[in-house]
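To start, the structure itself, in structure tokens.
Excluded from the calculations below are hydrogen atoms, water molecules and symmetry mates; all remaining heavy atoms, backbone and side chain alike, are included. Remember, predicted model here, so these are calculated numbers, not experimental data.
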Amino acid sequence: MKILLTGHKGFLGTLLTKYLNSHGHVVIGIDKKERNNLLTCKLDWDIDIVIHLAGESGVRRSLTQPKIYWENNVLASKRLFDTHKDKKIIYASSSTAKEPERNPYALSKHIVEEMAPKNSIGLRFTTIVGGVGREDMFIPKLIRNEVKYANNHYRDFIHAKDVMEAIKILIDTDVDVRGVIDLGTGKSLSIRELAKRFCTNYVETVGDKHERIDNKSNPKELWALGWRSKIDIIDYISQEKNLTNDENLNII
């Protein structure tokens, strides 16, 4: 199958490209890191399916630079959707979209969900871990014992490998799945309890009001297709704290 994958040079996109290629798919990648701006670049490729991962992420930056999120999340997605409205589209949304009033990032994802074609599938990702993600995120800091602050929030952490397997099921299934669905483990973990278990010398704080207190998912649509998250995050953290850096990258 020929797949147009936006954001193929990002954290999840890099892993997904390798994963899809290993399963016999042909991936056509578009990424701003290669100077391919979704607002202007070629989009009308001859493909079978679109997987749209490109866009701006992060709550805090959206508070000070909302225009970037409007352009790169909303306007860019609209152009892609308009070009391939007759194709199957799987696109990245976010669990933050459930409370769009909290921040511009959440609002941009909510708007993308509202304007997506009827034949598309929006994936409300929770908090993805594993591989070579952003080093300033909570779990990588936890593994390095570098957490300085632990707030009162709860997070549904899902491993990147489980995310990729869910996407593959959605590509391959004959079941008519449409609309917005959750993609997470279905359980959330306390940030404070994780810090208490795995770190030392941190300070307990109250979470930012612009962020959701708990992003627990309900991936019932994926469960109905037989998908289950396989990697326990507690086990993953425990294992990673005892592995070398080279071994940490081998998650596929």
Side-chain angles (χ1 to χ4, degrees), residues 7 10-16 53 55-63 69 73 91-100 102-106 108-110 112-113 122-144 146-167 180-199 202 205-219 222-223 227-241 248 251:
F11 158 48
L12 184 59
T14 299
L15 298 174
L16 187 59
L53 301 181
E56 301 293 333
S57 62
V59 169
R60 295 181 184 178
R61 183 169 174 238
S62 76
L63 298 172
Y69 287 74
N73 290 356
Y91 67 92
S93 185
S94 166
S95 59
T96 64
K98 294 182 180 181
E99 298 180 23
R102 285 188 179 270
N103 58 78
Y105 170 56
S108 72
K109 289 298 186 179
H110 173 75
V112 169
E113 291 179 355
L123 300 178
R124 282 180 171 171
F125 294 135
T126 53
T127 307
I128 304 174
V129 303
V132 288
R134 287 169 50 192
E135 292 300 305
D136 61 341
M137 297 293 282
F138 177 75
I139 294 297
K141 286 183 177 180
L142 196 69
I143 291 170
R144 300 192 307 269
E146 295 177 359
V147 171
K148 296 181 179 180
Y149 303 97
N151 63 37
N152 60 323
H153 288 178
Y154 292 76
R155 289 292 175 261
D156 185 340
F157 294 103
I158 183 167
H159 197 279
K161 186 173 182 179
D162 284 330
V163 172
M164 289 185 287
E165 291 181 351
I167 292 174
V180 180
I181 65 176
D182 285 2
L183 179 43
T185 65
K187 62 181 180 180
S188 54
L189 301 174
S190 165
I191 297 297
R192 286 180 178 174
E193 288 302 315
L194 286 172
K196 182 178 179 180
R197 180 167 181 171
F198 291 106
C199 279
Y202 65 91
T205 63
V206 176
D208 192 317
K209 66 180 181 180
H210 296 104
E211 298 178 359
R212 300 186 70 204
I213 294 175
D214 190 344
N215 72 343
K216 180 180 177 180
S217 66
N218 180 17
L222 285 164
W223 288 340
W227 173 88
R228 295 290 187 279
S229 58
K230 298 176 182 177
I231 299 177
D232 181 87
I233 297 304
I234 297 295
D235 290 345
Y236 166 74
I237 296 169
S238 300
Q239 182 184 34
E240 289 295 289
K241 289 178 76 68
N248 286 350
I251 70 166

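When atom types are taken as modelled, the side chain of R102 and the backbone of E211 share a donor-acceptor pair closer than 3.5 angstrom. Side-chain atoms of N215 come within 3.5 Å of backbone N or O of D156 as a donor-acceptor pair. With hydrogens and angles disregarded, a donor-acceptor distance shorter than 3.5 Å links the side chain of K109 to the backbone of A92. A side-chain donor-acceptor contact under 3.5 Å links R212 to the backbone of S95. Between the W227 side chain and the D162 main chain, a donor and an acceptor come within less than 3.5 Å of each other.
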### Task
Please report the C-alpha distance between N152 and R192 in whole Å, then the side-chain angles of each, then the deciding distance to 0.1 Å, and finally whether the side-chain contact (heavy atoms from CB on, under 4.5 Å) criterion is met.
CA-CA 6 Å; N152 60 323; R192 286 180 178 174; 3.7 Å; yes
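A salt bridge links K98 with D182: at least one charged nitrogen is closer than 4.0 Å to a carboxylate oxygen. Between D232 and K187 there is a salt bridge, since a side-chain N of the basic residue sits under 4.0 Å from a carboxylate O of the acidic one.
F157 is not listed as a side-chain neighbour of I237, based on a closest heavy-atom distance of 4.5 Å or more. Annotation: side chain of Y154 is in contact with side chain of S190 (closest heavy-atom distance under 4.5 Å). Looking at F11 and L53, their side chains never come closer than 4.5 Å, going by heavy atoms from C-beta outward. For the pair L123 and V163, the minimum side-chain heavy-atom distance is 4.5 Å or more. Within the 4.5 Å cutoff, the side chain of V59 has no heavy atoms near those of the D208 side chain. You'll find the side chain of Y91 reaches within 4.5 Å of the side chain of V180, heavy atoms only. For the pair E240 and I139, the minimum side-chain heavy-atom distance is 4.5 Å or more.
Closest approach of N73 and E56 over heavy atoms only: OD1-N, 2.7 Å. Residues L142 and A195 approach most closely at CD1-CA, 4.0 Å, considering heavy atoms. Summarising the geometry of M164 relative to L12, their closest heavy-atom pair is CG-CD1, 4.3 Å, with the distance given to 0.1 Å. Closest non-hydrogen pair, G184 versus P219, comes out as O-CG, 3.4 Å. Nearest heavy-atom pair across T185 and S217 is N-OG, 3.6 Å. Nearest heavy atom pair, residue A97 against residue E113, reads CB-OE2, 3.5 Å.
If you take CD on E135 and CD on E146, they are separated by 8.5 Å, rounding to the nearest 0.5 Å. With values rounded to the nearest 0.5 angstrom, E165 atom CD is found 13.0 Å from R228 atom CZ. Remark: I233 CD1 to L194 CG distance equals 9.5 Å, nearest 0.5 Å. A distance of 9.5 Å separates NE2 of H110 from OG of S93, quoted to the nearest 0.5 Å. If you take CD1 on I191 and CD1 on I213, they are separated by 13.0 Å, rounding to the nearest 0.5 Å. Here K241 contributes atom NZ and R144 contributes atom CZ; the two are 10.0 Å apart, rounded to the nearest 0.5 Å.
In summary, of the residues considered (L183, T127, V129), a side chain to side chain contact (heavy atoms under 4.5 Å, CB included) with I158 occurs for L183 alone.
A perpendicular orientation is assigned to the rings of Y105 and Y69, their planes being inclined by more than 60° (bins at 30° and 60°).
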